[in-house]
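To keep things clear, I will list the structure first and then write my remarks on it.
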Amino acid sequence: MAPLAFLLVVFCMAPHFFAESSILYNGFLEGKRLILDGAAVVKPTGALRLTNNSPNVVGHAFYPDAVKMFDKSSPSYPNASSYSATFVFAIDPSSPGQGGHGLAFTLAPSTNFDGAESGHFLGLFNPVNNGNTSNHIIAVEFDTVNGHGEARNSRGNHIGVNINGVSSVASRPAASSYYIDDEMLKEIEIDSGDPMAVWIEYDGLSKTLNVTIGFLEQKPETQLISFPVDLTTVVKDQMFVGFAASTGIETSSHYILGWSFAVNAPARQLRYSLLPKGPKEQNLSSSSINNPQLKVVLAVSSIVVILGIVFLTFLFIRMKKTESLEDWERDCPHRFNYKDLYTATNGFNDSEQIGIGGFGSVYKGKLSSTGAEIAVKRVKRNSSQGMKEFAAEIESLGRLRHKNLVNLQGWCKKKNDLLIVYDYIPNGSLHSLLYTPKQSLVLKWEQRFNILKGIAAGLLYLHEDWEQVVIHRDIKPSNVLIDADMNARLSDFGLSRQYDHDETSHTTRVVGTIGYIPPELFHTGKASKSADVFAYGVLLLEVACGRKPLGSNQFILVDWVMEWYEAGNILYVADPKLDSIYKVEEMEMVLQLGLLCTRWKQEARPSMRQVMRFLNGEDPIPSLDAWANSQSIFESNSRLTMNDRSLSPSVGPISSTSINIGR
Ligand SMILES: *[C@@H]1O[C@H](CO)[C@@H](O)[C@H](O)[C@H]1NC(C)=O
Ligand SMILES: *[C@@H]1O[C@H](CO)[C@@H](O)[C@H](O)[C@H]1NC(C)=O
């Protein structure tokens with residue numbers, strides 16, 4: 001009996017790792033199956049070429065059998081299983097530095113991508129299903145063009161994680177710590193034509209997706225992206241794995257030279273010596289062959305090259321005529337042509353004006369080259385000083401990508417005018433939805449809650465998840481735009497410092513909007529993450545109560561909510577327009593969180609990461625007293641009196657327009 005029982009136990013415990021879902025391709029010849037469509041072909045060398053150099057094509061290559069993403073024997077069960085992939089790719093641009101669109105390592109519920117579009121849709125999505133959670137698609141993109149529908153060639157050179165749509169939830173410029181024993185990431189060009197190795201690892205237990213890139217040597221120590229994300233609700237039980245690639249107006253040939261993949265196990269090591277040659281080495285070796293056909297090809301191509309140079313010179317001279325550029329402006333991938341923006345907005349016609357912000361007017365436009373809708377902010381300045389620094393700032397902010405940010409596409413300068421180009425967001429601002437809703441459409445509580453979470457996610461990304469800390473400086477409902485799916489998108493981030501740049505003044509200035517400026521800012525003048533948290537707290541209360549932060553008769557929203565909180569009847573302040581239709585615990589939590597975030601003392605405010613945990617219900621919201629104790633902050637009388645408030649020059653029925661207060 002006993003030995004049999006023992007045998008049974010051993011048998012039952014035997015793990016099912018490596019179960020059919022381990023894939024290995026050292027080159028793609030060897031008669032192994034692969035589902036190809038679009039422009040994808042396997043070349044005689046064994047290299048998989050997903051796109052050729054034609055414009056607007058897509059190509060797919062997927063492993064024909066689905067892999068199981070939920071496995072009872074996996075340590076992460078019932079969450080999605082871990083997976084691991086490594087592959088070698090090469091991107092051969094049509095001309096150096098001008099490669100178009102990108103390729104994506106993809107997990108998808110089907111291998112049918114009918115209707116998916118080329119260009120920035122990567123052959124995975126289209127304008128209709130973009131962002132829809134029923135897509136169940138996870139893609140790690142290697143993109144050589146930044147932004148949507150840019151008029152000019154640009155070298156995006158970034159790597160991003162995309163879930164169900166083309167906006168990356170995490171994205172970084174391509175970089176690698178390729179030297180052994182070196183942790184520092186250095187930028188690398190992914191469309192150099194050289195083969196590059198990638199490691200993608202999802203850990204189902206810690207729910208982290210890591211992406212590492214390097215050359216064909218040892219795997220670099222430092223991950224380029226380490227992104228916390230739970231794929232449990234994204235993946236389906238059965239998923240197909242493979243690659244998608246697309247070209248746009250600019251083109252590239254996208255190659256995969258080898259690929260290994262496994263679920264619940266590390267992907268097996270590729271044998272680099274067995275891999276087919278990349279496009280670059282291919283060109284080198286073939287040009288040394290001495291055949292007459294090749295000579296004809298070479299002769300023809302040199303004529304083409306000469307014609308090309310003549311044409312480019314002609315173009316260059318024309319460009320010089322229409323727009324005189326300063327030296328520093330030439331190498332900015334996010335720079336737009338003034339003429340394109342002028343045409344797009346009908347010459348900055350009043351009829352296209354969609355808003356007037358603190359810093360200038362905003363126009364809606366449509367780029368004639370791509371048909372993409374854009375919003376153009378026109379900022380008038382008194383001098384062109386600081387332009388270069390401003391451009392540098394925008395070049396850097398232009399690389400920020402998050403689903404809760406309004407993507408900054410680029411900029412353009414014309415004499416003293418600055419134009420900043422953003423994605424166009426259709427549903428207007430949170431301010432107008434709260435206070436002047438169209439057709440008396442009142443935002444429902446679940447919409448408000450989702451919007452508040454979105455703003456927090458965007459702000460957390462700016463504060464902690466990007467390569468440098470970005471302080472928003474002007475969080476308020478009119479800087480939150482609402483997209484077609486009623487998700488929040490933060491706009492105008494990070495720029496206030498530059499807007500405020502003033503050649504005559506070296507004094508500190510307070511930038512922000514009355515009602516959202518924390519008290520310490522009036523003393524220190526220094527923007528900080530906790531100042532953003534304060535403004536976010538005011539916004540929480542505003543959205544829950546449906547009231548502006550300051551009203552007539554010295555009404556101060558924060559104090560008013562605090563009074564009702566202390567009276568033990570916080571729900572009294574809930575927006576009456578909601579007709580009492582809301583989840584009580586959510587409403588209470590949001591109101592209390594608003595009070596935590598607007599603590600008088602900077603140190604007593606939570607970080608955005610903590611805020612996110614409260615909003616997601618991962619941590620219960622503490623009472624104000626418990627919170628103050630846990631933070632060991634002495635706040636005997638945490639409530640502000642009217643007199644305290646009058647320290648700031650902001651008391652009174654002042655409307656919420658942006659101001660600068662010099663100190
Ligand atoms: C998402 O896609 C599903 C299935 O195609 C569709 O029923 C649904 O309406 C879409 N949702 C949105 C917001 O477009
Ligand atoms: C992902 O990266 C993080 C941060 O570097 C690291 O701690 C973790 O072990 C990595 N996970 C995997 C599965 O490689």
Side-chain angles (χ1 to χ4, degrees), residues 17 21-22 69 71 74-77 79-87 105 107-110 112-117 121 124-138 140 159-167 169-172 175-178 180-185 197-214 218-236 260-269 403-404 425-427 444 446-447 450-451 454 464-467 482-489 609:
F17 292 176
S21 27
S22 172
M69 293 307 296
D71 185 346
S74 149
S76 57
Y77 192 81
N79 291 305
S81 295
S82 305
Y83 66 82
S84 155
T86 175
F87 60 90
F105 173 71
L107 267 69
S110 125
N112 177 354
F113 295 96
D114 284 352
E117 293 190 3
F121 290 107
L124 292 173
F125 307 105
N126 60 44
V128 175
N129 71 9
N130 184 25
N132 190 325
T133 49
S134 67
N135 289 336
H136 296 282
I137 290 177
I138 299 137
V140 177
I159 296 175
V161 179
N162 298 3
I163 295 182
N164 294 327
V166 291
S167 320
V169 288
S171 156
R172 293 194 70 176
S176 173
S177 64
Y178 39 84
I180 296 163
D181 296 334
D182 184 357
E183 292 188 348
M184 228 178 57
L185 292 169
V198 176
W199 295 262
I200 296 172
E201 285 139 341
Y202 175 67
D203 181 3
L205 266 184
S206 68
K207 305 193 175 70
T208 311
L209 182 65
N210 287 357
V211 183
T212 311
I213 182 167
Q218 188 173 326
K219 179 180 169 190
E221 298 264 308
T222 314
Q223 289 85 17
L224 174 66
I225 294 177
S226 182
F227 178 61
V229 57
D230 186 355
L231 296 181
T232 304
T233 55
V234 186
V235 296
K236 291 192 148 179
S260 165
F261 176 84
V263 175
N264 282 325
R268 282 179 280 167
Q269 175 67 40
K403 67 179 172 32
N404 296 113
I425 310 291
N427 275 340
K444 293 204 239 359
E446 56 190 280
Q447 291 172 321
N450 178 47
I451 288 168
E464 295 186 21
D465 289 341
W466 200 49
E467 59 203 46
I482 305 298
D483 70 16
D485 300 325
M486 296 306 280
N487 287 316
R489 306 274 219 107
R609 194 165 294 282

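Atoms within a ligand are numbered from 1 in the order they appear, just like the ligands themselves. Starting from 1, each residue takes its place in the sequence as its number.
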Over 12 non-hydrogen atoms of neighbours within 6.0 angstrom of CD in Glu446: no
Flag if over 12 foreign heavy atoms under 6.0 Å of NZ, Lys444: no
Contacting atoms of ligand 2, where contact means under 4.0 angstrom from a heavy atom of Ser226: 1 (C), 2 (O), 3 (C), 4 (C)
Subset of ligand 2 atoms that lie under 4.0 Å from at least one heavy atom of Asn210: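 So the answer, numbered in order with elements, is 1 (C), 2 (O), 3 (C), 8 (C), 10 (C), 11 (N), 12 (C), 14 (O).
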Qualifying residue, where the test is side-chain contact (heavy atoms from CB on, under 4.5 Å) with Phe105 and the options are Ile200, Val211, Val198: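 Single pass found, and it is Ile200.
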Check: Thr208 N/O within less than 3.5 Å of ligand 2 N/O: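 In fact, backbone or side chain, Thr208 has no N or O that close.
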Polar side-chain atom of Asn164 near backbone of His136 as donor-acceptor pair, under 3.5 Å: yes
Distance-only side-chain donor-acceptor flag, Ser110 / Asn112, under 3.5 Å: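 No - no donor-acceptor pair under 3.5 Å links their side chains.
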Show me a pair-per-line table, with atom names and distances to 0.1 Å, of protein N or O atoms that are under 3.5 Å from an N or O of ligand 1.
{"unit_1": "ligand 1", "atom_1": "2 (O)", "unit_2": "Asn132", "atom_2": "ND2", "d": "2.3"}
{"unit_1": "ligand 1", "atom_1": "2 (O)", "unit_2": "Ser134", "atom_2": "OG", "d": "3.0"}
{"unit_1": "ligand 1", "atom_1": "11 (N)", "unit_2": "Asn132", "atom_2": "ND2", "d": "2.9"}

All salt bridge (charged side-chain N to carboxylate O under 4.0 Å, His left out) counterparts of Asp203, not counting sequence neighbours: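 So Asp203 forms no salt bridge (charged side-chain N to carboxylate O under 4.0 Å, His left out) with any residue.
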Contact check, side chains of Ile137 and Pro109, non-hydrogen atoms, under 4.5 Å: yes
